[in-house]
Amino acid sequence: MLSKRDPPAQPKEVVPSGRFDGNDGPWSSFALSIGSPEQTIRVLASTSLPEIFVISSEGPTSIGECPTNTTTGLLFNGSYDCYNSRGGLFNLTASTTYHPEQAYNVGDYPAFGYRNITAPSGSDALTLSSSSDTTIILQRMGLAQLSDLNSSWLGLLGLDSGQMKNSRPSLIQNLKLANVIPSMSFGYTAGSVNRNVSSNASLVLGGYDQNRFRRNNVSFPFWEDSERALMVEIQSITISSNQGSVAVYEGKIKTALSAEGYLGVRVDSTRPYIILPSGICETIAQTLSLTYDSTTEHYLINKTTHEQNLKNNPVLTFIINPPPFQRSSNVSITLPYSSLALKLGFPIFAPGNESMYFPIRQGLSFTQHLLGRAFLQESYLVVDYERHSFSIHQVEWANPKAAAVSLIKPILPSLSGQGSTFEAHDGDKARSSELNSPKPRRHLSAIEILAIVLATIILITFICLAGFCFRRYSRMRKAKDIPREQRENGVELPGSDVNPPSRANEADSNTLHEFPTRNPAATELAEGTDEYTGRFGKAELAENAVFEMQGSFPARLESPIVASPIPQTPIEYYIRPTRDLPPYSILQQINETSQAPMEKPQVATGTLEKSVESPEENIELSKEKLGLAKDKT
């Protein structure tokens, strides 16, 4: 994972080879270095394929592929270099780092016309040259080999973000995972060899070249079919020239070739053609005086027609919009005739017998409709795989000096997968800079430190005060829950810190005191310390019974409970004997002050018969009168 101090990834502009290659253009190519030792080959960009296709030297050697002299590598008498025409051939056996893998079928791609084409595959080191003086090297990059004529005359640099047929990650995926580019996106235009100022192709991975196009605000969402994701609807086609204007197509088509009622075509640079329904092709051919060759299935241009068209300067205007029928949001792309007058060579025509042709072809079904590499000479394609959208813009030719200088802008990664590609760049630029740029450490000032200390002290004080108030409130609630009668009789409040009873609350040692029970029901005292149960342990009082004991109490007997102030009249009290006391009959005999039956509690008053020196002697005397052994407890 990248830290905040890691520099953000920047888009990479792939350097063109500076050459125009191919047998149906020619086209501005890109140079790749593959293998160890490096073998340099030239390829064209493919906006629909994830693989990197190289032309293998181990393919068939029939006339359709590249018949050569095995010694010189040249065709016929040396006047035509077939190997060089195909951008160079990759010799996999000469690479020490090539790893062969299982072959697979690539003919089911729409770009290859759904034919059965088996491509041997493998992996090897790949080097890309960038305009930022950096070299991109990918180890064990997946490669597929082509030798079939109808697949592609040159190798192909796949720009699709999907996985290859052999489940290897594509080039875009590898670069994004390695943090080489900021997002899975690219900007591309094919360049044009026929402009007054020859223009090379432009390919930016992870961004686009702002100087190469006139920006519009129309965004095209990806089509539901992933293999035809770059789908547009052609709203109209018009040819304008010095002789007037001809409406070739006005958005009214309901044929078997377009069963949906609109003309949907995919944008794909893999092939050079603009493939349209046959009726539209015929209208264009008539307007431009083209000749259809049924043998090669191409529209050819003779010398006279070419000169006349250059004089009339016809321009084709395509108005496209997102499908289906979103015609309020449309883009106009103009293609001058001069950029569409291309050359067709070997193996369609013999070497030295090239012919000019116009790159339109008749589509046999709606799946073949295409705006290919010829269309992308005059349009700039920006594809954003993270937002599942793309846009098409008119290439800027008005200021060739500005167009010659690259102004690379990144397409930032999408956080939600939504929104416009350019809005993400404009809106997220500050946010991306904040997240990725290194931030210097800032030290706290003296005032800030003092404020933090004071805030901490205030917070601690508040917490302590809140705890004190809560504890006080809890005590008050507990005191309020105690019955009033218990509070009047001096029951200690739970949890209170009441001091021991004062002298005024002590019982007089010379007076017999009795306490009436306020709870007629028998109550069991908890076993505890001697302070509450005495040495007699646990005792249970009989209901409404009064017991008197002979003898004198200690001079001062401190009560374990908080007593109310001593009244002026004698106080009645009850003592509940334990189960270990003698039977009730013995207690009756011991009672010397009253012989009356104990059916009703009797109140005894007066003074005690004998005074003792200490509480212990008093207790021993009481035990003798009760007839108990001294060693019993």
Legend entry - Value rounded to 0.5 Å, distance of CG in Leu32 from CG in Leu171: 9.0 Å

Legend entry - Closest non-hydrogen atom pair between Asn174 and Met141, with its separation: ND2-SD, 3.3 Å

Legend entry - Verdict with reasoning, Asn194 to Ser338, per side-chain hydrogen bond (donor to acceptor under 3.5 Å, both in side chains): CA-CA 6 Å; Asn194 292 328; Ser338 58; over 6 Å; no

Inset, instruction - Walk me through it: do Phe349 and Thr296 pass the test side-chain contact (heavy atoms from CB on, under 4.5 Å)? - result: CA-CA 9 Å; Phe349 295 102; Thr296 61; 4.2 Å; yes

Inset, instruction - Say whether, by atom type as modelled, one donor and one acceptor occur between the side chain of Ser329 and the main chain of Val218 under 3.5 angstrom. - result: no

Legend entry - From CA spacing to verdict: side-chain contact (heavy atoms from CB on, under 4.5 Å), Leu370, Arg271: CA-CA 9 Å; Leu370 173 70; Arg271 306 189 71 187; 4.1 Å; yes

Inset, instruction - Evaluate side-chain hydrogen bond (donor to acceptor under 3.5 Å, both in side chains) for Ser236 paired with Glu250, printing each intermediate quantity in order. - result: CA-CA 4 Å; Ser236 66; Glu250 295 180 325; over 6 Å; no

Inset, instruction - Using modelled atom types only, decide if a donor and an acceptor are shared between the side chain of Glu386 and the backbone of Ser185 within a distance under 3.5 Å. - result: no

Inset, instruction - For side-chain contact (heavy atoms from CB on, under 4.5 Å), just list the numbers for Phe186 and Thr47, CA-CA rounded to whole Å, side-chain angles, deciding distance to a tenth of an Å, and then say yes or no. - result: CA-CA 9 Å; Phe186 69 85; Thr47 59; 4.0 Å; yes

Inset, instruction - Search all heavy atoms of Pro120 against all heavy atoms of Ala103 and return the closest pair with its distance. - result: CA-CB, 3.7 Å

Inset, instruction - Could you check Ser199 against Arg212 for side-chain hydrogen bond (donor to acceptor under 3.5 Å, both in side chains), going step by step and ending with a plain yes or no? - result: CA-CA 10 Å; Ser199 172; Arg212 294 299 296 266; 2.9 Å; yes

Legend entry - Test item: Arg86 side-chain N/O and Arg42 main-chain N/O as donor-acceptor pair under 3.5 Å: no

Legend entry - Atom pair NZ/NE2 of Lys303 and His306 - distance to nearest 0.5 Å: 10.0 Å

Legend entry - Shortest non-hydrogen contact from Lys12 toward Ser130: CD-OG, 3.8 Å

Inset, instruction - Decide whether a cation-pi geometry holds between Arg266 and Trp223; the criteria are a distance under 6.0 Å from NZ or CZ to the six-membered ring centre and an angle within 45° of the ring axis. - result: no

Legend entry - Under 3.5 Å: donor-acceptor pair, side chain of Ser379, backbone of Phe375: yes

Inset, instruction - Would you confirm whether Thr189, through its side chain, and Leu376, through its main-chain N or O, come within 3.5 Å as a donor-acceptor pair? - result: yes

Legend entry - Main-chain N/O of Ser339 paired to Gln377 side chain as donor or acceptor, under 3.5 Å: yes

Inset, instruction - Search all heavy atoms of Gly345 against all heavy atoms of Glu354 and return the closest pair with its distance. - result: CA-CG, 3.6 Å

Legend entry - Rounded distance [0.5 Å steps], OG in Ser192 versus CG in Asn200: 11.0 Å

Inset, instruction - Determine whether Thr40 and Phe90 make a side-chain contact, defined as any pair of heavy atoms from C-beta on separated by less than 4.5 Å. - result: no

Inset, instruction - Identify the heavy atoms of Phe390 and Pro221 that sit nearest to each other, and give their distance. - result: CE2-O, 3.9 Å

Inset, instruction - Using distance alone, with no hydrogens and no angle criterion, decide if Gln173 and Tyr385 have a side-chain donor and acceptor under 3.5 Å apart. - result: no

Inset, instruction - Report the residue from Asp160, Val383, Asp268, Leu371 that forms a side chain to side chain contact (heavy atoms under 4.5 Å, CB included) with Leu230. - result: Val383

Legend entry - Ile348 side chain near Asp24 side chain, heavy-atom distance below 4.5 Å: no

Legend entry - Heavy-atom closest pair, residues Gly363 and His369: CA-CD2, 4.5 Å

Inset, instruction - Say whether, by atom type as modelled, one donor and one acceptor occur between the side chain of Ser240 and the main chain of Val315 under 3.5 angstrom. - result: no

Inset, instruction - Please name the residue in the list Val331, Val265, Asn321 that meets the side chain to side chain contact (heavy atoms under 4.5 Å, CB included) test with Val232. - result: Val265

Inset, instruction - Check the pair Arg195 / Glu378 against salt bridge (Lys or Arg N to Asp or Glu O under 4.0 Å), numbers first and verdict last. - result: CA-CA 10 Å; Arg195 281 287 184 172; Glu378 303 291 330; 2.8 Å; yes

Legend entry - Separation of Lys409 NZ from Gln10 CD (nearest 0.5 Å): 10.5 Å

Inset, instruction - Give the intermediate values and the outcome of side-chain hydrogen bond (donor to acceptor under 3.5 Å, both in side chains) for residues Tyr208 and Glu13. - result: CA-CA 8 Å; Tyr208 54 90; Glu13 182 181 19; over 6 Å; no

Inset, instruction - Mind checking the NE2-OG spacing from His388 to Ser161? Nearest 0.5 Å is all I need. - result: 8.5 Å

Legend entry - Ring geometry between His298 and Tyr357 (parallel below 30°, tilted from 30 to 60°, perpendicular above 60°): perpendicular

Inset, instruction - Would you check, one step at a time, whether the test side-chain contact (heavy atoms from CB on, under 4.5 Å) holds for Ile52 with Leu126? - result: CA-CA 10 Å; Ile52 296 178; Leu126 172 68; 3.4 Å; yes

Inset, instruction - Determine whether the side chains of Thr127 and Ser33 contain a donor N or O and an acceptor N or O closer than 3.5 Å. - result: no

Legend entry - Between CE on residue Met356 and CG on residue Leu290, distance to nearest 0.5 Å: 10.5 Å

Inset, instruction - Using the six-membered ring wherever Trp is involved, compare the ring planes of His393 and Phe213 and label them parallel, tilted or perpendicular (cut-offs 30° and 60°). - result: tilted

Legend entry - Result of checking Tyr273, Tyr292, Phe358 against Tyr299 for ring pair (Phe, Tyr, Trp, His ring centres under 6.0 Å): Tyr292

Legend entry - Check: Tyr337 and Ile301 side chains under 4.5 Å, non-hydrogen atoms: yes

Legend entry - Flag, side chain of Ser123 to backbone of Gly142, donor-acceptor distance under 3.5 Å: no

Legend entry - Any donor-acceptor pair under 3.5 Å from Arg361 side chain to Ile274 backbone: no

Legend entry - Short side-chain to backbone donor-acceptor contact, Asp124 and Leu143, under 3.5 Å: no

